[in-house]
Trainee: 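Sharing a structure below in structure tokens format, with a few things to ask.
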Number of protein chains: 2
Amino acid sequence: MSTSIREVARKAGVSTATVSHVINETRFVAEKTRQRVIDVMTELDYTPNFAAKTLRSQKTFTIGLVLPDISNHFFTSVVKGIEQHLDQKGYQLLVGNTDENVDVEIEKIKTFQAQQVSGIILASSAENYEEIEPYLNQETPTVFIDRIPHGANVDYIAVENEKAVYGAVQRFIDLGHQQIGMITGISKLSSTQERMNGYRRAIEHSQLQLDESLIYTGDSKFEGGYKAAQQLLKNTGITAMFVANNLMTIGAITYLKEQKVKIPEDIAIIGFDDYEWAKITDPPLSVIKQPTEEIGEKAAEILLSRSHVPALETESFLLPTKLIQRSSC
Amino acid sequence: MSTSIREVARKAGVSTATVSHVINETRFVAEKTRQRVIDVMTELDYTPNFAAKTLRSQKTFTIGLVLPDISNHFFTSVVKGIEQHLDQKGYQLLVGNTDENVDVEIEKIKTFQAQQVSGIILASSAENYEEIEPYLNQETPTVFIDRIPHGANVDYIAVENEKAVYGAVQRFIDLGHQQIGMITGISKLSSTQERMNGYRRAIEHSQLQLDESLIYTGDSKFEGGYKAAQQLLKNTGITAMFVANNLMTIGAITYLKEQKVKIPEDIAIIGFDDYEWAKITDPPLSVIKQPTEEIGEKAAEILLSRSHVPALETESFLLPTKLIQRSSC
DNA sequence: ATGAAAGCGCTAACAC
DNA sequence: GTGTTAGCGCTTTCAT
């Protein structure tokens, strides 16, 4: 049992109100009294009880983060940005993994709300907003990252997916490629669809023919990329391919290497998401780099501002990406 | 303001005690009453207030995780294991990043304890146990992972570092290498020292001469690996090198590639930590693979068992590693 | 410039 | 089989 505010008050010869006020700097306390209280606190090694504080004030100073895959480097890097901002503001971070499962996602959201988190950052696996909307209560500000369910009018931080992919495919076209494969992620996600749109638009704006058979839907994991590359190689005559996420890029290249396909001579590749590893692959990978930590920081920033002053209107931030040219295209 | 247990009780025509008992299944309630209470709860969409529960019961069902670098894939993968186990047991996960800073680490520990977490999982950056021991209170079970401060007699989950590196260096020796470089991590960490010992022992047990100039201490980050490789190449005649963590491995190889050093012909390499990426590097990387998710799961398991039944004696688990042979040696 | 005290929502000992 | 109620440790209103 740790010491309570009452003990501190007694030992310092003041009321609990005064102790509370010196802790929170919430009303004036004479310097002499203040110092005495502080001394007693350090002497007793007093730490305020968090649960009591929360129960009374209805403020937890913790935010909940719901993620589809915490071991994916993209998200991890976002977490780092979030943690940084939160730490600086004295907030705690609660993390939940969903494995892209909407039911699990809903469970985590509910639990976080029962904990009265100050806000939630959510990379949702829901296709439509209605699936999760009933579980998002009004009092808990929520900001979405990376993907956004259809029909959601919410605060949202992501990147310019369409523009990014448009640029990458444009690069392929400039290089003279005519058959450009596309390996996309889980199809219901907005991020996937935006990336697809970037691909389509780039093809359409060129004199090339859009060929649906060059598009392969993966599962956003290693396996999906591997299989997609396999299918694309067997069934089409592509000379270039764009892969819409990091894990799938590794999978696709793994297959290509197994088949002794030369990159970029036989097949040129551009992947999504950067990582130090991409510098030492064979060949070094050209990728679209997302400002991952910034996504996290911005999300945390918006969320905290919402929890202080409720939003009048929702905001979206689409951060710019960067095409990093190495040797795979 | 969400509905309270009192409202539920009133609407169901029972006492708060009964409601509490149906929620927690903590004493018998007649089926009819039980059903009525449940109906009212769903009708009102009632969720117990977490803070009140915690304040009263002194149980949070959340555990705190303190990590040096949440964006390092090794830790991320450990987190996944932890989350999995915790989720299954209905526990929450609070995460804190320290950037290898002991002061930050202490802050996080203190905060977690103020929150009365049920336990802490700690990858400490402290060299000696005394640095953090004063902040670890008796009531909060703590299990250490990956590294352990000197002089700590605590629950601990890690891998057989010494044995792992011994095996890797042995492999180099079997291959005929005589000048084997070693790039180690932050020197105060137990994991670093154990890996160093594996290197030393392997050299000593062979007919080779231990040459301290072949050992270079990095910072466990990309930069450290890069610089270490640079120094080793300039100043020594190594034909092989062991790199004691994943980020440094990438750094070292990046430098080697810049210098057009051929791997493994000019320099053979074995790294620490596996990742899908390692399959597609140039050349595919031979590495020591740690059972990362298992480390997390085991840590969570031990921690929860401790929080139910205090430990009589501390336990250590050193999980086995695996040398994965690809083409870099 | 400070204190007294109510009450946040829950659990559990005690009572019947 | 269920109810009454004290009290967990804090914040904050009202008083002085």
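Only heavy atoms go into these numbers, but all of them, side chains included; no hydrogens, no water, no symmetry mates. Each chain gets a letter, A, B and so on, in the order its sequence line appears, and its residues count up from 1. Given the structure is predicted, the values throughout are model-derived calculations rather than measurements.
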Trainee: Separation of Gln58(B) atom CD from dG7(D) atom P, in whole Å?
Mentor: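 Rounded to whole Å, this separation is 15 Å.
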
Trainee: Return each pair, listed once, that meets ring pair (Phe, Tyr, Trp, His ring centres under 6.0 Å) where at least one residue sits in residues 123-155 of chain A; pairs must be two or more places apart or across chains.
Mentor: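 Checked against ring pair (Phe, Tyr, Trp, His ring centres under 6.0 Å) - neighbours excluded - no pair reaches residues 123-155 of chain A.
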
Trainee: Are any of Lys53(A)'s side-chain N or O atoms less than 4.0 Å away from OP1 or OP2 of dT11(D)?
Mentor: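 For Lys53(A), the contact criterion (side-chain N or O under 4.0 Å from OP1 or OP2 of dT11(D)) is met.
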
Trainee: Not counting sequence neighbours, which residues clear salt bridge (charged side-chain N to carboxylate O under 4.0 Å, His left out) with Glu43(B)? List them please.
Mentor: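 Salt bridge (charged side-chain N to carboxylate O under 4.0 Å, His left out) list for Glu43(B), sorted by chain: Lys11(B).
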
Trainee: Check the pair Glu105(A), Ser124(A) against side chain to side chain donor-acceptor pair (under 3.5 Å), reporting the backbone distance first and the verdict last.
Mentor: CA-CA 7 Å; Glu105(A) 178 176 323; Ser124(A) 179; 2.6 Å; yes

Trainee: Let me check the geometry of the helix from dA1(C)-dT16(D) to dC16(C)-dG1(D). What is the bend angle between the axes at its two ends, five pairs each, to 10°?
Mentor: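 Between the first-five-pair axis and the last-five-pair axis there is 30°.
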
Trainee: Closest approach to the side chain of Asn49(A), judged atom by atom: which nucleotide of dG3(C), dT11(C), dC10(D) is it?
Mentor: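 Among dG3(C), dT11(C), dC10(D), the one nearest the side chain of Asn49(A) is dC10(D).
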
Trainee: Which donor-acceptor pairs under 3.5 Å do the side chains of residues 61-71 of chain B make with protein atoms, sequence neighbours left out?
Mentor:
| from | atom 1 | to | atom 2 | distance (Å) |
| --- | --- | --- | --- | --- |
| Asp69(B) | OD1 | Lys80(A) | NZ | 3.2 |
| Asp69(B) | OD1 | Ser71(B) | N | 3.0 |
| Asp69(B) | OD1 | Ser71(B) | OG | 2.9 |

Trainee: State which residues pass salt bridge (charged side-chain N to carboxylate O under 4.0 Å, His left out) with Lys298(B); sequence neighbours excluded, sorted by chain then number.
Mentor: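 Salt bridge (charged side-chain N to carboxylate O under 4.0 Å, His left out) check on Lys298(B) returns Glu301(B).
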
Trainee: Listing time: all N or O pairs from protein to nucleotides 12-16 of chain C that are below 3.5 Å?
Mentor:
none

Trainee: Using the side chain to side chain donor-acceptor pair (under 3.5 Å) criterion, which residues pair with Ser220(B)? Sequence neighbours excluded.
Mentor: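 So Ser220(B) forms no side chain to side chain donor-acceptor pair (under 3.5 Å) with any residue.
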
Trainee: Please compare Ala52(B) and Gly13(B) by the position of their nearest nucleotide in DNA chain D and report the one closer to 5'.
Mentor: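 Whichever sits nearer the 5' end wins; that is Gly13(B).
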
Trainee: List the residues meeting salt bridge (charged side-chain N to carboxylate O under 4.0 Å, His left out) with Glu133(B), not counting sequence neighbours, and say none if there are none.
Mentor: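 If we apply the salt bridge (charged side-chain N to carboxylate O under 4.0 Å, His left out) test to Glu133(B), skipping adjacent residues, there are no hits.
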
Trainee: Just the rounded figure in Å: distance from P of dT2(D) to CZ of Arg10(B).
Mentor: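 Distance check: Arg10(B) CZ to dT2(D) P gives 20 Å.
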
Trainee: For DNA chain D, which residues in residues 29-38 of chain B have a heavy atom at a distance below 4.0 Å?
Mentor: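 Contacting residues: Val29(B), Ala30(B), Thr33(B).
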
Trainee: Using atom CD1 of Ile23(A) as one end and atom P of dG9(D) as the other, report the distance to the nearest whole Å.
Mentor: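 Roughly 14 Å, once rounded to whole Å.
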
Trainee: What's the CZ-P distance between Phe28(B) and dT2(D), to the nearest Å?
Mentor: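 Value for this atom pair: 7 Å.
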
Trainee: When the distance from CD1 of Ile5(A) to P of dT12(D) is rounded to whole Å, what number comes out?
Mentor: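 It is 11 Å, rounded to the nearest whole Å.
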
Trainee: Expressed as a whole number of angstroms, how long is the span from Gln115(A):CD to dC10(C):P?
Mentor: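 Computing the Gln115(A):CD to dC10(C):P distance gives 14 Å.
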
Trainee: Please tabulate, one pair per line, all N/O donor-acceptor pairs under 3.5 Å involving side-chain atoms of residues 85-93 of chain A, not counting sequence neighbours.
Mentor:
| from | atom 1 | to | atom 2 | distance (Å) |
| --- | --- | --- | --- | --- |
| Asp87(A) | OD1 | Lys108(B) | NZ | 2.5 |

Trainee: Can you tell me which nucleotide in dG9(D), dC8(C), dG3(C) comes closest to the side chain of Ser15(A)?
Mentor: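 So the side chain of Ser15(A) is nearest to dG3(C).
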
Trainee: How would you list, by chain and number, every residue that makes a side chain to side chain contact (heavy atoms under 4.5 Å, CB included) with Thr47(B), sequence neighbours excluded?
Mentor: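 Counting only residues at least two positions away or on another chain, Thr47(B) forms a side chain to side chain contact (heavy atoms under 4.5 Å, CB included) with Ala114(A).
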
Trainee: Rounded to the nearest Å, what distance is computed from the CZ atom of residue Phe61(A) to the P atom of nucleotide dC10(D)?
Mentor: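 Computing the Phe61(A):CZ to dC10(D):P distance gives 15 Å.
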
Trainee: Round to the nearest Å and state the distance from Leu55(B) atom CG to dG7(C) atom C1'.
Mentor: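 So the CG-C1' distance, Leu55(B) to dG7(C), works out to 12 Å.
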
Trainee: Using the rule given for side chain to side chain donor-acceptor pair (under 3.5 Å), can you reason through Ser191(B) versus Asp146(B), listing the C-alpha separation, both sets of side-chain angles and the distance that settles it, and then say yes or no?
Mentor: CA-CA 7 Å; Ser191(B) 52; Asp146(B) 188 48; 4.5 Å; no

Trainee: For the pair Glu100(B) and Lys188(B), find out whether any cationic side-chain nitrogen is under 4.0 Å from an anionic carboxylate oxygen.
Mentor: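 Result for this pair is no, no salt bridge flagged.
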
Trainee: Could you tell me which residues satisfy salt bridge (charged side-chain N to carboxylate O under 4.0 Å, His left out) with Arg34(B), sequence neighbours excluded, listed by chain and number?
Mentor: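 Partners of Arg34(B) under the salt bridge (charged side-chain N to carboxylate O under 4.0 Å, His left out) test: Glu31(B).
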
Trainee: Base, sugar-phosphate, or nothing for Tyr46(B), non-hydrogen atoms under 4.0 angstrom?
Mentor: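 Sugar-phosphate only.
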
